[in-house]
K.L.:
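Quick one: the structure is below, questions incoming.
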Amino acid sequence: MADALISLIGSILGNPAVLALIVGYIVVYMATCIVKPYRICKACNRSKETHSKLFPGAFGACRACKGVGYHLRVGARILGRKL
């Protein structure tokens, strides 16, 4: 099973067209991480706050983004950007 998987990966990466597509995708993704390093927080949708489910009307800073409203993308972390 593992040998079949290794040979499949080897045949896919051995194809120059597929390898060029993968490398091209990585280059474009990293370039966009340089231009736009942040992504919107899905928990608060950039409102920077979350509302209590137990007490209506009560709210506080978003726990997911710590009240910032956005997250650093993975590619930007790899490039060494800090929040």
K.L.:
Roughly how far, to the nearest 0.5 Å, is the CZ atom of R46 from the OH atom of Y70?
P.N.:
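Y70 OH to R46 CZ: 10.0 Å, rounded to 0.5 Å.
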K.L.:
With clusters built from Ile, Leu, Val, Met, Phe, Trp and Tyr whose side-chain heavy atoms come within less than 4.5 Å, directly or transitively, what are the remaining members of the cluster of L54, listed by chain and number?
P.N.:
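L54 clusters with F55.
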K.L.:
Just verifying a value: how many Å separate T50 OG1 and K53 NZ, rounded to the nearest 0.5 Å?
P.N.:
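Spacing of OG1 (T50) from NZ (K53) equals 9.5 Å.
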K.L.:
Please list, chain by chain and in numerical order, all residues satisfying side chain to side chain contact (heavy atoms under 4.5 Å, CB included) with S7, sequence neighbours excluded.
P.N.:
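Testing S7 for side chain to side chain contact (heavy atoms under 4.5 Å, CB included), a comparison that skips the adjacent residues, returns none.
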K.L.:
For I22, check side chain to side chain contact (heavy atoms under 4.5 Å, CB included) against everything at least two apart and list the hits.
P.N.:
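Once residues adjacent in sequence are excluded, the partners of I22 under the side chain to side chain contact (heavy atoms under 4.5 Å, CB included) criterion are L13, V18, I26.
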K.L.:
Output the distance between atom CZ (R77) and atom CG (L72), rounded to the nearest 0.5 Å.
P.N.:
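The distance works out to 5.5 Å.
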K.L.:
Which residues, ordered by chain and number, are linked to V23 in its hydrophobic cluster, where ILVMFWY side chains connect at heavy-atom gaps below 4.5 Å, directly or through other members?
P.N.:
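Members other than V23 - counting any ILVMFWY side chain reachable under 4.5 Å - are V27.
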K.L.:
List the atom pairs, with distances to 0.1 Å, where a side-chain N or O of residues 60-68 and a protein N or O form a donor-acceptor pair under 3.5 Å, not counting sequence neighbours.
P.N.:
none

K.L.:
Could you work out, with side chain to side chain contact (heavy atoms under 4.5 Å, CB included) as the rule, every residue matching Y29, not counting sequence neighbours?
P.N.:
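With neighbours one apart ignored, the set is T32, C33, R73, V74.
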K.L.:
Please give me the minimum heavy-atom distance between G75 and M30, naming the atom from each residue.
P.N.:
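For G75 versus M30, the nearest heavy atoms are O-SD, 3.9 Å.
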